[in-house]
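Single-structure report; data block below.
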Amino acid sequence: MKKWSGFFVLGLFVSPATWAQTADTSRQLPLVQVEEHRHPAERQPALQRQSPDTLLLRALPAASVADWLQWQGSASLRSYGPNGLATLSMRGSSAQQNTILWEGLPLLNPMNGTPDLNLYPMWLLGGVSVQTGSSASDFGSGAIGGALHFRQGIPQKHDAAVFTEMRSFGDYAGGVAASVRACKGWYQIRGLYRTAQNNFPYTNMARFGNPEERLAHAAHAQGGILQEAGWQFHPNWRLRAAWWVQAHRRELPASMTEQQSTAVQADTAHRFAVSLTGQAGRWQLAFRQGLLREVNHFADERLGFDERHRFNALLQEISAATTLGRHEFSQLLQQAYYTANSPNFSGQERQYRLALVPGWRLNGAKTTARVQLRVEMVDGQLVPLTPSLQVEQRLAPALQMRLAVSRTYRLPGFNDLYWQPGGNADLQPENGWQAETGLGWKKQWGSWAFSVDGGAFWSDLTDWIIWLPNTSLGYWTPRNLRRVQSMGWEQQWGVSKQWRKLKLRLNGDYAYVATTHREVGVGEQELLGKQLIYIPKHQLRSRFFVEHASFFAGWQYSYNGLRFTSSDNRFFLPNQHLHQIMLGGSKAWGKQLLRLTGTIHNAFNLPYQLIAWRPMPGRHYQITLQINFNAS
């Protein structure tokens with residue numbers, strides 16, 4: 001307790017000018033004379049970022065982050081079903097090798113390190129973007145394949161919105177949002193509730209005769225509130241505070257190969273973040289602090305389980321940056337203190353992390369370059385030094401080249417180290433190197449707009465942590481055994497045509513990812529050169545929208561290539577072609593705007609699985625009604 005209180009007092013009273021971080025000069029907000037100071041990753045050159053399509057958000061307000069990534073971007077999604085665990089793989093990474101950040105602070109679960117994307121509703125978050133490529137020098141452990149960024153924008157006026165949504169299989173959702181803006185301050189709140197039965201029919205290919213069954217014991221309920229307040233108390237200084245509380249209860253259905261399930265999982269989370277950003281002379285300064293508390297309750301009446309797993313996190317960043325001509329110098333200090341309790345631990349486990357990140361940035365007329373070095377200690381032990389280099393070069397007015405090289409690493413989680421039985425306290429961090437390069441082109445010709453971006457990437461990761469059975473002990477235990485190499489190509493394109501009130505738009509994303517074992521443990525030689533499980537080599541997403549005045553129609557296509565389900569590549573899930581159709585319109589009455597949208601999911605009723613023996617729903621329908629008050 002003394003360590004927690006001392007850490008908190010330090011965060012409240014230490015001068016922000018003591019330490020450092022890069023300032024954000026990308027946005028200038030009304031009534032603010034200092035530009036918004038964001039995390040350095042918000043201004044990383046050479047790393048690609050993508051935000052949700054606005055029409056997709058309009059049609060699917062209750063969608064989770066997992067729902068969005070199934071239809072946009074180059075990431076690969078692994079899902080146990082509409083209410084099950086959904087994890088992300090970017091550029092061949094494992095689920096634990098990607099990070100999630102809320103207002104620049106990592107939402108890291110120190111126990112298993114696996115974020116569940118079905119727990120993050122888009123409506124509640126307000127703003128989401130996905131960044132591909134390593135940002136370990138910025139965020140530390142786990143930021144290998146990429147990062148998801150959650151952040152609230154600053155409201156510019158009084159506003160409010162409500163929506164209600166109905167889907168097939170007993171799925172109902174509703175949400176509210178409101179914001180108030182004064183001359184020097186603002187307040188905004190978002191709330192969401194969703195419940196579903198998920199009792200969809202499916203063909204059980206694990207049973208004789210492939211009978212049609214309905215998914216049982218698959219209901220879930222989710223609710224949450226996220227609110228934020230801000231105060232521009234000085235022309236150069238801004239204070240923000242956010243509080244996010246969320247609860248999710250779900251029944252865990254049996255797989256096709258199981259007879260029944262009585263398992264239930266409940267997740268609750270309380271998150272608080274505060275930031276102070278501003279300018280003092282030539283220095284851009286920032287202080288951020290976060291408190292996280294999450295509880296996972298797992299119960300299975302049939303097997304006699306009733307377990308609660310808890311973790312707490314206290315996070316802090318203090319930063320400063322200054323500019324001399326075209327050169328920007330920054331300094332960042334990050335601290336994190338984690339505690340975790342589990343019936344599978346011998347007691348409460350703790351971890352303290354301290355990182356210093358000096359940086360330099362060149363803001364040239366045609367060249368932008370950034371160099372960083374992360375020096376980090378974990379419980380007094382130095383982890384691998386993490387340098388990074390990023391360069392962007394404008395070759396022509398419409399053509400830009402990028403290059404990035406960085407070291408990466410991931411610390412073992414508490415479960416890897418301390419789980420009883422099986423934990424291995426001698427595990428070393430996963431570590432390796434990454435590189436990428438690419439070209440981006442954008443051009444406007446009259447009413448036509450074109451964009452093309454393509455790039456190659458490569459990574460080599462050693463000391464890969466994997467759980468394997470220990471025959472002498474009779475249980476599984478983790479070891480640093482494998483070396484994994486990923487290489488591939490990512491491509492994005494877009495074309496649009498505006499003709500009076502009619503707008504046509506086509507966008508797409510393609511990824512080729514070869515992720516293979518280069519070194520394996522004793523007795524695993526047959527895995528050499530084999531593709532890792534659940535990582536498709538080919539993946540394609542495409543979206544076509546037609547907009548006319550207040551009406552729109554959309555078609556989305558998602559292709560997942562063959563995915564192996566066994567490490568020796570003998571078993572696999574076949575290719576998948578999924579289609580989604582949307583139709584909507586809006587009507588304005590004064591300052592009120594009503595939107596009505598209909599969606600057909602899995603339009604061609606394809607039976608498919610994202611995880612072996614875990615069925616996904618066939619064709620189903622959705623209707624959404626949304627009302628915006630004081631709309632522009």
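Looking at residues two or more places apart in sequence or on another chain, you find a salt bridge (charged side-chain N to carboxylate O under 4.0 Å, His left out) between Arg194 and Asp171. Under the salt bridge (charged side-chain N to carboxylate O under 4.0 Å, His left out) criterion, Arg483 pairs with Asp460, Glu519, not counting sequence neighbours. Applying the ring-ring contact (aromatic ring centres under 6.0 Å, His included) criterion to Trp231, with sequence neighbours excluded, gives Phe233. Looking at residues two or more places apart in sequence or on another chain, you find no ring-ring contact (aromatic ring centres under 6.0 Å, His included) involving Trp71. Contacts of Glu294 classified as salt bridge (charged side-chain N to carboxylate O under 4.0 Å, His left out), with partners at least two apart in sequence or in another chain: Arg271. Residues that satisfy the ring-ring contact (aromatic ring centres under 6.0 Å, His included) test with Tyr409, not counting sequence neighbours, are absent from this structure. Qualifying ring-ring contact (aromatic ring centres under 6.0 Å, His included) partners for His517, counting only residues two or more places apart in sequence or in other chains: none.
Evaluation of the side chain to side chain donor-acceptor pair (under 3.5 Å) test over residues 419-428, restricted to residues two or more places apart or in two chains, returns none. Note on residues 113-132: pairs passing ring pair (Phe, Tyr, Trp, His ring centres under 6.0 Å), not counting sequence neighbours, are Tyr120-Phe150, Trp123-Phe163. Identified under the salt bridge (Lys or Arg N to Asp or Glu O under 4.0 Å) test for residues 403-418, with sequence neighbours left out: Arg410-Glu430. Residue pairs meeting the salt bridge (Lys or Arg N to Asp or Glu O under 4.0 Å) criterion with at least one partner in residues 107-131, sequence neighbours excluded, are Asp116-Arg250. The salt bridge (Lys or Arg N to Asp or Glu O under 4.0 Å) contacts involving residues 71-98 comprise Arg91-Glu436, Arg91-Glu490, where partners must be two or more places apart or lie in separate chains.
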